[in-house]
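As structure tokens, the structure follows; a few thoughts come after it.
Residue numbers begin at 1 in each chain, while the letters A, B, ... track the order of the sequences.
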Amino acid sequence: MSKTETDIIVEDKDAALHALRHSLAHIMAAAVRLLRPEAKLAFGPPVEHGFYYDFDFGDNPIGEADLEQVEQTMRAIIKAREPFTREEKNCDEALRYLEAQGEVYKREYAQELIEQGKAVNGTLSFYTSGDFTDMCEGPHLEHTGHVPKNCFKLDRISGSYWRGDEKRPMLTRIYGLAFASGAELKEYLAMRKRAMERDHRKLGEELDLFIQDSEVGVGLPLWMPNGTVLRDELEKWARETEFLAGYQRVTTPSVTRKQLYERSGHVPYYQDSMYPSMPIDEHDEYYLRPMCCPHHHKIYASRLRSYRDLPLRLCEYGDVFRYEKHGSLSGLLRVRAMCMNDAHIYCAPDQVESEFRGVVAMYQMYYGHLRMGNFRVRLSLHDTDNAKFVDRYDDWERSESIVRGVLDGLGIEYEEESGEAAFYGPKVDIQVKNLMGREETVSTCQLDFMMPDRFDLTYVDADGERKRPYILHRAPLSTHERMISFLIELYGGAFPTWMAPVQVRLVPVNAAILEYANETAAMLRNNFFRVEIDDSSESFNKKIRNAVTRKIPNIWILGEKEKDAAAVAWRRYAVKEQQSMPRNAALALLQQMREKRTMDNFSDVALPTP
RNA sequence: GCCGGUGUAGCUCAGAUGGUAGAGCAGCUGACUUGUAAUCAGCAGGUCGGGGGUUCGAUUCCCUUCGCCGGCUCCA
């Protein structure tokens, strides 16, 4: 495809922004150096909304209180219009220079670049502005004066391991925000502030969806009645979907003997993510389960299976427990106790592809329906350097090429990443970013070549031979915790009628209407709708406001007119207009919305027509 | 787990150079009986995250611990 003019302009703009952010990282490092001459430099790249730079401050750490001073110094450097000059040093000279400067991190990196043959023409480039020199690939702005006014802001400080390795020193990372103009920075800050209003932790509390309590334990959410409705509705949907797709439900326990996880490989490969074992009775040990798969494999193995049984699809919304690192826990997004939309498909080799397609179709249905459009597909592969993967490399290659082939065949765009696989096989992960830009795996589908061996799973084929099945692990609706955290943020807490904790709030205009309201509530409740009557002594306006701030999808206003006509005045959360209709018609419409799982929380979605 | 922040009523936040704290909303009570986003009044609510230290005296200073937030690592 030939590049159009617009592509080139966009590319230039991106390149310019990249250079600006890169230069600001450099300017920040220069400023930090003026204040902390002993600070050692690590990496300082441009990133999505700005830049960061990693420093080693040794015994003289920097805090957020120091950022203002760093910013002021940066402004002074910008005002001085210092030119960026590029200099190329040959490899020896570069190493000697970095050595002399005591730049241990830069030196290590330079050494690595040289060893990997990445020193272009045998040289490494350095950029200097003012008195500050940094080994850097560039490009930079012509001079610091090209930084637009008010276009950047130092954001926050955090720790960061050198080279992302937790065994190496913890450096101090200073993040800055930077945009092409001050207006864009302001816009981004406003956007971020708005996004915080939709934060699932904030909405979870406001809407009484879930709580966490330190006496219960960190990462162990308690689901309130309202939140439990969301879970129940998702679960009901999954049951219907899985029933139609030929799955069978099973139920298995949350604690299990150590032996099972030794056999499955969880103990050698996954123990870091498991709660420590519990000693039971004399010489027995039990674990809280981190996954349901071994239990399902046991059900498969409990009897002789024929090729006629395949594919066998076992599903369970199962509670699993993972000992996540304390610092990585976050609301419902990352917890230690979760309930997973789990299933395992046992199939013959020639069924893998069609089963995989079936799973992908299920994903697409869920994501389309829920309007989760903002995701990327990741093909998660093994990594030969990594001890966390089973070392059966032929099997890895084979199963990875099967999955790749299926994705290619379906025309799905994806990005391959090494080292992200499960310990037992490659994964297709759906990666979704939350409001704060934090990306997590939501759905996953995994091809497993290892468990059939470990559990000695077989089926008798048409030729009478015992053969190994393949296993697909899949969780299209992820866990309740993670999925609901994303849905809360996507919908801003305003759920469609079918999911909403309270589906209809009845607002009688005055006390004389209470009887009609009670009758209407009974009608809805008898049809299994979640309904509330606002019989408080608040003003009418306040009652409307209360219903709206609770993000209840439907308000039915009941007054004399409605009572006389056996009607309701229906005000929806998602649209401004209100509509009057006979009460029976309103009930019928509500039933349609529930049955079709209409996404009426979006104003552009048409309601069903009876 | 590591680094940096942070912790005052159910929620959102004030506050005092160390002399035991206030507001709005929510809650409760009463009055008002209301047609599409806040009626009025009153009441109640906090050992200022926990523990230890310094001090005549600590919510304020120091130490320690826990929770929370952001990031690193890790992951559904």
Side-chain angles (χ1 to χ4, degrees), chain A residues 52 54 57 61-67 155-175 196 199 201-202 205-206 208 211-215 217-218 270 272-273 290-291 320 322-336 338-342 380 388 419-420 422 427 429-432 436-444 446 473-483 485-486 507-514 535-549 555 557-562 569-571 576-578:
Chain A
Y52 69 77
D54 287 344
F57 288 108
I62 205 165
E64 254 157 44
D66 301 306
L67 290 186
D155 196 27
R156 45 183 59 129
I157 292 184
S158 74
S160 152
Y161 298 110
W162 169 233
R163 318 238 52 187
D165 184 343
E166 61 186 328
K167 289 177 204 72
R168 310 207 62 187
M170 174 62 72
L171 307 175
T172 302
R173 175 170 298 180
I174 306 178
Y175 279 96
M196 309 261 259
D199 188 310
R201 292 165 297 195
K202 182 178 156 70
E205 185 168 294
E206 281 174 15
D208 293 324
I211 56 166
Q212 302 224 33
D213 184 299
S214 62
E215 200 168 1
V218 294
Y270 202 74
D272 285 352
S273 300
M291 298 182 189
V320 294
R322 297 184 184 176
Y323 192 72
E324 295 287 341
K325 284 185 179 153
H326 192 280
S328 70
L329 299 171
S330 177
L332 290 183
L333 188 61
R334 183 74 71 81
V335 293
R336 285 178 171 169
M338 68 215 89
C339 186
M340 189 181 289
N341 175 222
D342 215 350
S380 299
K388 73 179 185 182
E420 299 290 341
K427 302 193 291 173
D429 295 318
I430 311 290
Q431 302 294 112
V432 184
M436 297 304 292
R438 186 158 160 168
E439 187 186 74
E440 295 277 1
T441 302
V442 177
S443 310
T444 184
Q446 311 170 355
H473 303 233
R474 43 109 278 182
L477 286 178
S478 187
T479 60
H480 280 318
E481 287 70 19
R482 187 166 285 178
M483 181 56 84
S485 82
F486 278 103
V507 178
V509 169
N510 61 55
I513 308 298
L514 214 49
D535 58 358
S536 67
S537 59
E538 297 291 351
S539 67
F540 181 75
N541 279 343
K542 184 64 180 291
K543 289 182 182 182
I544 297 294
R545 181 186 155 82
N546 283 344
V548 171
T549 48
I555 305 174
I557 289 126
L558 308 176
E560 289 297 336
K561 276 184 290 181
E562 287 75 23
W570 188 334
R571 174 183 163 133
K576 294 206 168 68
E577 304 84 45
Q578 111 173 342

Closest to the [X] side chain, choosing from [options]:
X        : options             : answer
A/Thr549 : B/A37, B/A76, B/G71 : B/A37
A/His326 : B/G1, B/G70, B/A76  : B/G1
A/Tyr161 : B/G35, B/G4, B/C72  : B/C72
A/Ser539 : B/U36, B/G1, B/U34  : B/U34
A/Lys561 : B/C72, B/C3, B/G35  : B/G35
A/Gln578 : B/U36, B/C74, B/G71 : B/U36
A/Ser328 : B/U34, B/C72, B/G71 : B/C72
A/Ser158 : B/C74, B/G71, B/U36 : B/G71
A/Arg322 : B/U39, B/U36, B/A76 : B/A76
A/Glu166 : B/C75, B/U73, B/A38 : B/U73

Can you measure from [atom1] ([X]) to [atom2] ([Y]) and round to the nearest 0.5 angstrom?
X        : Y        : atom1 : atom2 : answer
A/Asn341 : A/Arg474 : CG    : CZ    : 4.5 Å
A/Ile544 : A/Glu538 : CD1   : CD    : 12.5 Å
A/Ile430 : A/Glu440 : CD1   : CD    : 14.5 Å

When only distance counts, do a donor and an acceptor, one from the side chain of [X] and one from the base of [N], lie under 3.5 Å apart?
X        : N     : value
A/Arg201 : B/C69 : no
A/Thr479 : B/A76 : yes
A/Glu562 : B/G35 : yes
A/Arg482 : B/C75 : yes

Rounded to whole angstroms, how far apart are [atom1] on [X] and [atom2] on [N]?
X        : N     : atom1 : atom2 : answer
A/Asp54  : B/C3  : CG    : P     : 15 Å
A/Arg173 : B/C2  : CZ    : P     : 18 Å
A/Lys202 : B/C69 : NZ    : P     : 14 Å

Using purine N1 to pyrimidine N3 plus N6-O4 or O6-N4 for Watson-Crick, or N1-O2 and O6-N3 for G-U wobble, both under 3.5 Å, which nucleotide pairs with [N]?
N     : answer
B/U6  : B/G67
B/C61 : B/G53
B/G22 : B/C13
B/C75 : none
B/C32 : none

Please give the distance between the [atom1] atoms of [N] and [M] as a whole number of Å.
N     : M     : atom1 : answer
B/C68 : B/C61 : C1'   : 24 Å
B/A16 : B/C11 : P     : 23 Å
B/G4  : B/A76 : P     : 30 Å
B/G15 : B/G24 : C1'   : 15 Å
B/G49 : B/A14 : P     : 14 Å
B/U60 : B/U6  : P     : 15 Å

A/Gln212 and A/Gly331 have their tightest heavy-atom pair at NE2-O, 3.1 Å
RNA chain B: A/Lys543 or A/Met340, which has the more 5' nearest nucleotide?
A/Lys543
5' precedence on RNA chain B between A/Arg545 and A/Arg156 (nearest-nucleotide basis):
A/Arg545
Using a cut-off of 4.0 Å on non-hydrogen atoms, how would the nucleic acid contact of A/Val442 be classed: base, sugar-phosphate, or nothing?
sugar-phosphate
Any salt bridge linking A/Asp199 with A/Arg201? Criterion: basic side-chain nitrogen under 4.0 Å from a carboxylate oxygen.
yes
